[in-house]
Amino acid sequence: MFRNQYDTDVTTWSPAGRLFQVEYAMEAVKQGSAAIGLRSKSHVVLACVNKASSELSSHQKKIFKADDHIGVAIAGLTADGRVLCRYMRNECINYSYTYESQLPVGRLVVQLADKAQVCTQRSWKRPYGVGLLVGGLDESGAHLYYNCPSGNYFEYQAFAIGSRSQAAKTYLERKFENFMESSRDDLVKDALFALRETLQGEKLTSSVCTISVLGVGEAFHILEQEIVQALINEFDIVGEEPPADETAAPDTSSGAGAGAGAGAGAGDQGNPAGRDVAPMDI
Amino acid sequence: MFRNQYDTDVTTWSPAGRLFQVEYAMEAVKQGSAAIGLRSKSHVVLACVNKASSELSSHQKKIFKADDHIGVAIAGLTADGRVLCRYMRNECINYSYTYESQLPVGRLVVQLADKAQVCTQRSWKRPYGVGLLVGGLDESGAHLYYNCPSGNYFEYQAFAIGSRSQAAKTYLERKFENFMESSRDDLVKDALFALRETLQGEKLTSSVCTISVLGVGEAFHILEQEIVQALINEFDIVGEEPPADETAAPDTSSGAGAGAGAGAGAGDQGNPAGRDVAPMDI
Amino acid sequence: MFRNQYDTDVTTWSPAGRLFQVEYAMEAVKQGSAAIGLRSKSHVVLACVNKASSELSSHQKKIFKADDHIGVAIAGLTADGRVLCRYMRNECINYSYTYESQLPVGRLVVQLADKAQVCTQRSWKRPYGVGLLVGGLDESGAHLYYNCPSGNYFEYQAFAIGSRSQAAKTYLERKFENFMESSRDDLVKDALFALRETLQGEKLTSSVCTISVLGVGEAFHILEQEIVQALINEFDIVGEEPPADETAAPDTSSGAGAGAGAGAGAGDQGNPAGRDVAPMDI
Amino acid sequence: MFRNQYDTDVTTWSPAGRLFQVEYAMEAVKQGSAAIGLRSKSHVVLACVNKASSELSSHQKKIFKADDHIGVAIAGLTADGRVLCRYMRNECINYSYTYESQLPVGRLVVQLADKAQVCTQRSWKRPYGVGLLVGGLDESGAHLYYNCPSGNYFEYQAFAIGSRSQAAKTYLERKFENFMESSRDDLVKDALFALRETLQGEKLTSSVCTISVLGVGEAFHILEQEIVQALINEFDIVGEEPPADETAAPDTSSGAGAGAGAGAGAGDQGNPAGRDVAPMDI
Amino acid sequence: MFRNQYDTDVTTWSPAGRLFQVEYAMEAVKQGSAAIGLRSKSHVVLACVNKASSELSSHQKKIFKADDHIGVAIAGLTADGRVLCRYMRNECINYSYTYESQLPVGRLVVQLADKAQVCTQRSWKRPYGVGLLVGGLDESGAHLYYNCPSGNYFEYQAFAIGSRSQAAKTYLERKFENFMESSRDDLVKDALFALRETLQGEKLTSSVCTISVLGVGEAFHILEQEIVQALINEFDIVGEEPPADETAAPDTSSGAGAGAGAGAGAGDQGNPAGRDVAPMDI
Amino acid sequence: MFRNQYDTDVTTWSPAGRLFQVEYAMEAVKQGSAAIGLRSKSHVVLACVNKASSELSSHQKKIFKADDHIGVAIAGLTADGRVLCRYMRNECINYSYTYESQLPVGRLVVQLADKAQVCTQRSWKRPYGVGLLVGGLDESGAHLYYNCPSGNYFEYQAFAIGSRSQAAKTYLERKFENFMESSRDDLVKDALFALRETLQGEKLTSSVCTISVLGVGEAFHILEQEIVQALINEFDIVGEEPPADETAAPDTSSGAGAGAGAGAGAGDQGNPAGRDVAPMDI
Amino acid sequence: MFRNQYDTDVTTWSPAGRLFQVEYAMEAVKQGSAAIGLRSKSHVVLACVNKASSELSSHQKKIFKADDHIGVAIAGLTADGRVLCRYMRNECINYSYTYESQLPVGRLVVQLADKAQVCTQRSWKRPYGVGLLVGGLDESGAHLYYNCPSGNYFEYQAFAIGSRSQAAKTYLERKFENFMESSRDDLVKDALFALRETLQGEKLTSSVCTISVLGVGEAFHILEQEIVQALINEFDIVGEEPPADETAAPDTSSGAGAGAGAGAGAGDQGNPAGRDVAPMDI
């Protein structure tokens, strides 16, 4: 009851030195459909689960191109993600226009993080509600970053965010030591296997996922659906029936939001982290 | 009781990572009279139920022209919709003046969504309370988008929004696989049939609906009332008596707002999703 | 009790997707003295009940001229109405100065509605508390619009707003099918009869009403009191004794505000919709 | 108890469509010492009760000159009134400098009302707490207006505002039919008699009142104290002992503020509308 | 309990039409050490009680020179008073630079009052917490004004403000009829006697008071301490032992703030209007 | 309980005319480590207790140079003090650059006080939480001022502020009559003795104090530690064991903050005015 | 319970003169992973514990280069720290561009502190949630400063901040007297030993820490991982098993935040100062 006093304004610290509004925004990332990134020495693969709000609609676009050498996969509030991707696209264009070379990935990631930090220090704004997996290739090789609502960023070998991402992370942790030397096709294969982990008893088909690749000699592009389906068939990947409750439980209970979620459960029960369309189409 | 703490300010996140004010704004869309969109390869048909606040008044205009190749049907707060349509009209005019070609539909839809996103991240604004079905034709063919208050947009083959739209969506889901190859006239016919589904026991006449068409070689225009009536007669479409309570129930209970609606029921009972004029003439 | 949480700020949505502050502003229109508008093919008649705050004062002006071809009758907060009429006057003058022709009525009405919409989307403003019946004549004929605080507008054949307007609306609904072909004088006659309906047991005399006319070949003007009295005498219109409680009851209970009024009754009982001067001289 | 929710912010509507803060500001007018205005065809007389906060001080100035042809008497917050009178003076000067003629009274009154209206629609301001009786003479004759905090104005034959003004209004209502043809001196006489009504058992002397006159051939000026005393003696006006409680009671209970006053009585009892200096020297 | 709802914001009216924050600011004046002003036809004397916060400090300056012909004595928040006096000094300098004559006293007083009024109508400011006795000499003779936090001003023959000023006012009321014809020295003598009344049983010495004089042929100046002591000795003025409680009681209970003070007594008891240094060194 | 209503906003007056937020800021001064100032005719000595937050750190700088002729010792929020000292330094430099002479001490002190006053009259700021002892020498001799958070300033012969300053003040009050004629070295000696009073049972060594001197022919400078130690040895000053509780008690209970401190004791007990590092390193 | 009234706004003082929001921000520093700084006459060593949010990610960068002669180690909100380090980098570049010499360390530290102070005095901002150990070398030798969220800074011989820093501080206090004369390699050794103290039972390896050095003739640089591992091996440093609970307890209970932490414990228990990833990746 008392803690709530400090969690309605992004510029208010709790007595324990926490910014609850920032933590709550990070919960929005967990509600989005899963996104996965992997990199080898020379390639980055970004993948995500497609979520269509109805049979009638195409799925929402969750993987964006920032430049030929940089791609982004998002989880969380799609509208926030789209606005940030547009920002990244502009930065890339301006840089290459000015310097006639490509914007280094790490620099773009820092600018993006600084933009997010500002939203955590002004009372009339709110933190962005989206996580971004930024994959890129520059003179220092292939990179994979995760930018989160708090204004932080992390470099990863492989990572998964969004709904039921814990299962994918477990898969990636088991395998990541080989990724550095993986071929492009093995990366894609691992991406598909990791993606399958996030599908609770659903069959993996080319229509429920999007896969993008960028690497040495290969500009960022999204694989066509037939190619993805061919790969799925080739690898014989089908959705297993994971012990749903157990997988979901650790996912929900990991991280700082768990206590919060419990406390606020009475009000927020309407949206369990299930397969339903999330309330804000995130 | 506790959840209410996070639902009065659009820049406040709930502990579960939700923006309640954005979700509430999406409820306003559900209260507006129904709007329907369908597209084939070459045509887009937008239709809506006309709602007159009294016998003495003409109905409110709910379908707008943005340009010769783009039309919009709205559901929700009419005043918000009108303001957004004016914005679209201006963008179309400026683009064609500058580039001497027509603004691609997808680009306009993104600009519209970005404009809506801004209203979800400033404490002194409110999200728009209107959903827009944007139909258009450009070099990449016919398109149908749905822009919602959260700043998201979706591409659809066919879609229905607004009051009692669930019945229309059910109809469209049954039929949509043929739409791509439909003739213009079949599209209109299906629009009329879908529209009829939203009329709870009311007869479908040309006076209670508006139909617009745009397509290859056919600039956006609203069909004249006589033509619509002729089509209704020709197709012999009359309003069936749908099992009202059942249809309405799933509609209300679908989506994230259901829990909210239940919680706030005590206060908001005055406006059941019935046939009455909605409180804000939406 | 719970609903009150969402009704003190114009930028706050209720869980059911309503903007209560906008609805409350529309209640202010119902508290103003009645205004009535009718149109035929060629003429528009605006009429209103005069309300003087004391024997010593002249009545408040409630019918304004925007231009030779446009007049306005208001109900609600007179000060808000006056400010909006000044805006309309300016727009008319600027248009005719620039284009050397008269501002089309429909265009002015849209501008007025857009101005009202802005006040419903800024936290430091409030919606206007006035309804405007805008009558005008342009190349497309005679028009009658109703602009309301929500930023909406409607076109009408005939309409009545303000205190006890329900009785007048009932009269108009009975008669409106003939209005299109009515002569100017018949319109005035019907306006007087409709006005009489809003006078609860009070005698209709030229001193309690104002009548204005505009039409083909007849610029907007307010009829002189003697002429109005002569018409009243000629038509032998006197205030009947309507079954006061019944008439008032439907009036109060119609529309969305009814539930609200009931809920807030304890606090607002001081101003029944009687003959007394309304609290803000509206 | 519930109503209080809507009465602390000038931009918040109550469920019944009222702006309580505007109504409360109008209560401030009732607390000021009385001001009276009368007009004939050719003259306007403004009068007010002088209130000195102690024997040691001169009384506060409550009648101001705006221009040779316009004068103002105020009741309520003197500081607000002074600021508004300065505004009027500036407008008069600017107009005559630009057009080389005198600013018509009605136009000045509208500008003043518009200035007051703005203060009722911005959350960071407050409505003015002063009522102004504006008397003036222009080509259309002598005028008397009352501008109130809501942004409204009214034209009067004669009017009284402020503390215990009800008794004066009763006097004026009995007599006003002769005012139009009254001579200048009869107007002054009636002003003195009306003023006497507001003095609860106190003797009318030249030191407790100020009288100003403007008219055809007579620029606005305040009568000197000896002249006023001479008139009082001549007319033999002395303060009668009015049945104090009865007079005061209707005064307090008239108008919309009554219910409010009752509800808030517990807190505001410290300042009965008696002879004491009002809390803000209004 | 209910009244508190209206007393935390300077732009909020109470139901009875009062601005409590303005009234509370006027209480600050009563807490300051006493200041006294008197004038004859040709001279103005300003006097105040010196209050040193400790033996080690000099007393705070409470009498300021605005120009050769204008002086100011303050009671209340010294910091606010100092800022206002600087404003007055600037106005005097600018006027004499521009017009090569001295700024009339009344005009300066109005400007000062207008500056105070602004602070009562903006939500992000607070009313000044200081009262100013402005004495001056210009072509229209000697003047004494009192400017208070509400934006009002009053002209006085003689006046006292601040802590225990009631006793001084009683003295001045007994004597003031002779002041107009008083010699400069008699004025000073009366100032000293009045000052003595405010010293509750304390001896009047030159160290506990400051006396300033301005008049015809005598620019504003503060009397040197020896001269003041000589006068005290000459007039044989010593502090009598006034019946302390009785004097204090009427002082506290006079004025509108009394009820407020009583209501808030539980919280504010820490600072009785005694001899102690006031909490803010006012 | 009721008083708390008025103590969270610096622009809110309490019913008794107090600004609690300003008073609370003055409490911050009392929590800082002690600072002491003394002056003779020709010299000013500023001294303070050094407080190091740990063995590993140097002590915080609490005595600053504003110019060759002005020094400052602070107690309270060090960060606020540092910002104000920088302001003073800039003012001194600008003045001497413009006028080629030194800024008079009194003028700088007024500017500083005005800067502090502004922070007590804007809702989006807070009062500074620091007290400044400003010592300086100019044509009018040596001066010692105390500037406090309320925007007030006082001139002193000698003064002590901060934690346990009461004991030092008692010492200074016993001695101050001789200070005017003291030699520079006697002043330093008295400063050391006064400082010792504030050390509750702690030994006075050169490492726990800083001493600065400025005077005729001696620009402001801080005495080197060896010199201070030599003086301590010479004067044989050691920390006596003062009857701790009694000394502390009057200190805490003196001044207006006492009642406040008592009322808020439950929440603020964590920081008794002991030897511990204050919560904000003040 | 009562204290909470003063701890949600950074511009609100508590009755005891504290700014709780500033104190809470300082708690955020305690939650970050540990950072340590040491200096000799000629060298500064900064070290920190690396924290990777998962096996898949690289650790977050917590040591930054500001210029060749200045380095920074942070603990707390990484995003805030990064933004401040960018500011420092800009200041260094601008200074050397303008003056062609290196920015003195102390001056940069003051600018940084002033930037932090501003965030403690504006209602629409929040204090930075990061502590910075700034090490640098300039003409006055090697320096080590600690800048904290309150806008204060301290110079240290050696210091440790962040989670479990108390153990490291104890180590440093035991050793610091030798640091001044330490060789570069001894400093690094002591840094490693101190760092080991903060690892609760975890083995010290080169992968869990980062070490940077700057000194005479040695620009700021981070030691490569192999070199660090070689040193660890050489010194034979392994993580001992410290009596975990006891070490942690004094750490948590030291400082002003202790009482606050206790009071808010119910809400904040979710994040014990354990090894888990802190809620905001700080």
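We name chains A, B, ... by the order of the sequence lines, and we start the count at 1 in each one.
Within 6.0 Å of NZ on Lys175(G) lie no more than 12 heavy atoms contributed by other residues, nucleotides or ligands.
For Pro149(F), no part sits under 4.5 Å from any heavy atom of chain G, backbone or side chain. When heavy atoms are compared at a cutoff of 4.5 Å, Tyr146(G) does not approach chain F at all. When heavy atoms are compared at a cutoff of 4.5 Å, Asp9(F) does not approach chain G at all. Heavy atoms of Val10(G) lying under 4.5 Å from chain F belong exclusively to its backbone.
Arg86(F) and Asp114(G) are joined by a salt bridge, as a carboxylate oxygen and a charged side-chain nitrogen come within less than 4.0 angstrom of each other.
Side-chain contact between Phe20(F) and Ser14(F): present, with at least one pair of heavy atoms (C-beta onward) separated by less than 4.5 Å. Between Ser123(G) and Thr11(G) there is a side-chain heavy-atom pair separated by less than 4.5 Å.
Of the N and O atoms on the side chains of Arg126(F) and Thr120(G), at least one donor lies less than 3.5 Å from an acceptor on the other residue.
Of the listed residues (Glu173(G), Gln121(G), Arg122(G), Glu155(G)), the greatest number of heavy-atom pairs within a distance under 4.5 Å of chain F belongs to Gln121(G). Your options are Lys61(F), His59(F), Lys125(F), and the one with the most heavy-atom pairs under 4.5 Å with chain G is Lys125(F).
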